[in-house]
Peer 1: 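If you scroll down you'll find the structure; I have some questions about it.
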Amino acid sequence: PIKLTSSLAGVTFANPLLNAAGVHCATPTELDEVLASAAGGVVTKSATLAPRDGNVRPRFQALPLGSINSMGLPNQGFDAYLAYACAHQQAATAPVILSLAGLSLADDLAMLRRVQESDFTGLVELNLSCPNVPGKPQVAYDFAAVTRVLDQAFQFFTKRLGIKLPPYLDLAQFDALAAILNRYPLAYVNAINSLGNGLVIDPLTERPVIRPKGGFGGIGGAYVKPTALANVRAWRQRLNPTIGIIGTGGVRTGTDVFEHLLCGADLVQVGTALATEGPAIFARLTRELTAVMATKGYQTLADFRGKLQVR
Ligand SMILES: O=C1NC(=O)NC(C(=O)O)N1
């Protein structure tokens, strides 16, 4: 019989599929709907210290080949998501990953200190790659800033910490950042966040399809799958084996899930396709992944994880 169990930093998932932070996870109702689906776990909308309304609308547009978004971190605030994560840890539901996106280094550290002092023992995902807060650069493109936040976080944080990274497009960047990341006891790296600051135009109205930032927003979906797979593969080839990998980007079918796992992902997250199809997608993806594995004679994810062949 085919088994889809996967573990990440000692946390076991019955199947490797979750939502991507930000999609179908901003309220307890949405979070419950993902947990009630065939997903193996759920990740919360990236929390800021205080609740946020986010950017002006329209701020999301589904597209034939993916999506563009400039949400601007609308969320119920850190306390709400920490409470949800703790409650569901007690209820022993599928794992809840708590995503954090401070608007400053101080906010990142303040939230991590609160998690450290809390009863939450699960996975924490520090989002270093939101491209959509006007005036805020993506921290993960500034390697000195990444070093600062990890240096200061690991002075006191002893729980399971992963980081959400943006796509990198140059192998020298993977080499340089891996040398930094390998110095820290990271639980995992999640690659990729949306491809930042794309522009989608409506030729009829001669205007961008979303309003914030003059129409500049993060690109997701089929557009980014080759870049997502390359980032998963590049990190797997460079990071210590103790650092797990979550693959995110361009997942719409069981074959897409299979490809992320083949590149080395331990878990796989779904954003754009979940936004359009809803949580029922997790049953479809589980069915399709199982069919791919059956066709190839694989019984477990370990039979093929990270085993992309070299041409
Ligand atoms: O990290 C993020 N990535 C995105 O693509 N969008 C959200 C957001 O804008 O809140 N944040």
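Quick note: numbers below take in every heavy atom, side chains included, and nothing from hydrogens, waters or symmetry partners. No experiment lies behind these values; they were computed from the predicted model shown. First listed ligand is number 1; within each ligand, the first listed atom is number 1.
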Peer 1: Is a donor from one side chain sitting under 3.5 angstrom from an acceptor on the other, for N55 and K213?
Peer 2: no
Peer 1: Counting only pairs under 3.5 Å, give me each side-chain donor-acceptor contact of residues 171-180, with atom names and distances, residues two or more places apart or in other chains.
Peer 2:
residue, atom, partner, partner atom, Å
Q173, OE1, L169, N, 3.3
Q173, OE1, D170, N, 3.3
D175, OD1, R238, NE, 2.7
D175, OD1, R238, NH2, 3.3

Peer 1: Can you tell which part of K45 has a heavy atom less than 4.0 Å from ligand 1: side chain, backbone, both or neither?
Peer 2: side chain
Peer 1: How close do V251 and Q269 get, heavy atom to heavy atom, and via which atoms?
Peer 2: CG2-O, 4.0 Å
Peer 1: Show me which atoms of ligand 1 lie under 4.0 Å from any heavy atom of N127.
Peer 2: 1 (O), 2 (C)
Peer 1: Indicate yes or no: does E259 engage K225 in a salt bridge with an N to O separation below 4.0 Å.
Peer 2: yes
Peer 1: Under 4.0 Å from a heavy atom of G72: give me the atoms of ligand 1 that qualify, with their elements.
Peer 2: 8 (C), 9 (O), 10 (O)
Peer 1: What part of N55 sits under 4.0 Å from ligand 1 if we count only heavy atoms: the side chain, the backbone, both or neither?
Peer 2: neither
Peer 1: What is the nearest protein non-hydrogen atom to atom 3 (N) of ligand 1, stated with its residue, atom name and distance?
Peer 2: N193 OD1, 2.8 Å
Peer 1: In the protein, which heavy atom is nearest to atom 11 (N) of ligand 1, and how far is it?
Peer 2: C130 SG, 3.3 Å
Peer 1: For ligand 1, which atoms, with element, lie under 4.0 Å from some heavy atom of M71?
Peer 2: 8 (C), 9 (O), 10 (O)
Peer 1: Between L229 and H260, is there a side-chain heavy-atom distance shorter than 4.5 Å?
Peer 2: yes
Peer 1: Would you call the rings of Y184 and F154 parallel, tilted or perpendicular, taking 30° and 60° as the class edges?
Peer 2: parallel
Peer 1: Please list, in number order, the atoms of ligand 1 under 4.0 Å from a heavy atom of N132.
Peer 2: 4 (C), 5 (O), 6 (N), 7 (C), 8 (C), 9 (O)
Peer 1: Would you please say whether a donor-acceptor pair under 3.5 Å links the side chains of S129 and N127?
Peer 2: yes
Peer 1: For ligand 1, is there an atom lying under 4.0 Å from some heavy atom of S194?
Peer 2: yes
Peer 1: Would you mind checking which non-hydrogen protein atom is closest to atom 6 (N) of ligand 1, with the distance to 0.1 Å?
Peer 2: N69 OD1, 2.9 Å
Peer 1: I need the full list of side chain to side chain donor-acceptor pair (under 3.5 Å) pairs touching residues 271-284, with sequence neighbours left out, sorted by first then second residue.
Peer 2: S67-T272, E277-R284, R284-E288
Peer 1: Is it the side chain (CB and beyond), the backbone, both or neither of P131 that lies under 4.0 Å from ligand 1, heavy atoms counted?
Peer 2: side chain
